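Reading through the structure tokens given below for one structure.
Hydrogens, waters and symmetry mates are skipped; everything else that's a heavy atom, side chains included, is used. Every value quoted in this text rests on a predicted model; they were computed, and no experiment measured them.
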Amino acid sequence: MERSFYQFALKYRGKLDADDFSHFSDSMFLDHSFPKSETDFERLSKYIEEKAHPVMRASVFDEMWREYADE
């Protein structure tokens with residue numbers, strides 16, 4: 001079974017030396033309405049743009065998505 005983007009992004013959570021990915025991942029974890037089982041770029045991108053916390057910037061999502069897609 002393919003891992004969801006949420007499952008992929010959790011690996012960046014809780015870094016002591018926080019960066020954009022870890023800030024995004026920490027905010028995503030705390031967002032109870034984040035689509036945790038989603039694997040579709042368009043649906044996730046729409047959620048990020050319309051409903052996500054400002055820390056979850058679309059530019060960071062795009063970078064993380066590239067890594068996710070390359071796995």
Side-chain angles (χ1 to χ4, degrees):
M1 181 174 169
E2 184 178 331
R3 248 188 341 170
S4 70
F5 176 79
Y6 178 83
Q7 292 167 323
F8 164 81
L10 287 179
K11 71 181 179 180
Y12 296 107
R13 244 185 105 230
K15 287 187 177 180
L16 292 177
D17 190 17
D19 58 16
D20 287 344
F21 281 19
S22 64
H23 286 300
F24 184 100
S25 185
D26 288 336
S27 293
M28 180 191 69
F29 178 77
L30 296 172
D31 181 352
H32 297 290
S33 64
F34 192 89
K36 293 173 178 61
S37 61
E38 191 59 67
T39 59
D40 181 74
F41 175 82
E42 294 301 325
R43 290 182 191 145
L44 285 165
S45 182
K46 183 176 180 175
Y47 179 84
I48 299 296
E49 291 172 6
E50 294 178 0
K51 299 177 183 167
H53 188 278
V55 171
M56 288 189 269
R57 296 189 329 258
S59 60
V60 176
F61 168 70
D62 290 342
E63 289 178 52
M64 290 177 78
W65 181 268
R66 279 192 285 279
E67 286 191 20
Y68 170 68
D70 288 343
E71 275 199 345

Minimum heavy-atom distance between Ser25 and Ala9, given as atom pair plus value:
OG-O, 2.7 Å
Indicate the atoms forming the closest heavy-atom contact of Glu2 with Thr39, along with that distance.
OE2-CB, 3.9 Å
Apply salt bridge (charged side-chain N to carboxylate O under 4.0 Å, His left out) to the pair Lys51 and Asp31, showing each step before the final yes or no.
CA-CA 10 Å; Lys51 299 177 183 167; Asp31 181 352; over 6 Å; no
Considering residues, nucleotides and ligands other than Phe29, do more than 12 of their heavy atoms fall under 6.0 Å from its CZ?
no
On a heavy-atom basis, which atom in Arg3 and which in Gln7 lie closest, and how many Å separate them?
CA-OE1, 3.4 Å
Rounded to the nearest 0.5 Å, the CZ atom of Arg66 sits from the CZ atom of Phe41 at a distance of 8.5 Å
What's the separation between atom OG in Ser22 and atom CE in Met28, rounded to the nearest 0.5 Å?
11.5 Å
Just how far is it from atom NZ of Lys46 to atom CG of Asp40, taken to the nearest 0.5 Å?
11.5 Å
Could you grab the distance from atom NZ of Lys11 to atom CZ of Phe21, nearest 0.5 Å is fine?
9.0 Å
Between Tyr68 and Phe61, is the ring pair (Phe, Tyr, Trp, His ring centres under 6.0 Å) condition met? List the steps.
CA-CA 10 Å; Tyr68 170 68; Phe61 168 70; 9.0 Å; no
Asp17 CG: over 12 foreign heavy atoms closer than 6.0 Å:
no
CE on Met64 to CZ on Phe8, rounded to 0.5 Å
6.0 Å
Distance check, rounded to the nearest 0.5 Å: Glu38 atom CD versus Phe5 atom CZ?
11.5 Å
On a heavy-atom basis, the closest approach of Lys36 and Ser4 is O-OG, 2.7 Å
I'd like to know if Val55 and Trp65 are part of one continuous hydrophobic network [Ile/Leu/Val/Met/Phe/Trp/Tyr, side-chain heavy atoms within less than 4.5 Å].
no
Transitively linked via ILVMFWY side-chain contacts under 4.5 Å: Met56 with Val60?
yes
When you look at Ile48 and Phe34, which way does the side-chain contact (heavy atoms from CB on, under 4.5 Å) test go after all the steps?
CA-CA 9 Å; Ile48 299 296; Phe34 192 89; 3.9 Å; yes
Any donor-acceptor pair under 3.5 Å from Tyr12 side chain to Asp20 backbone
no
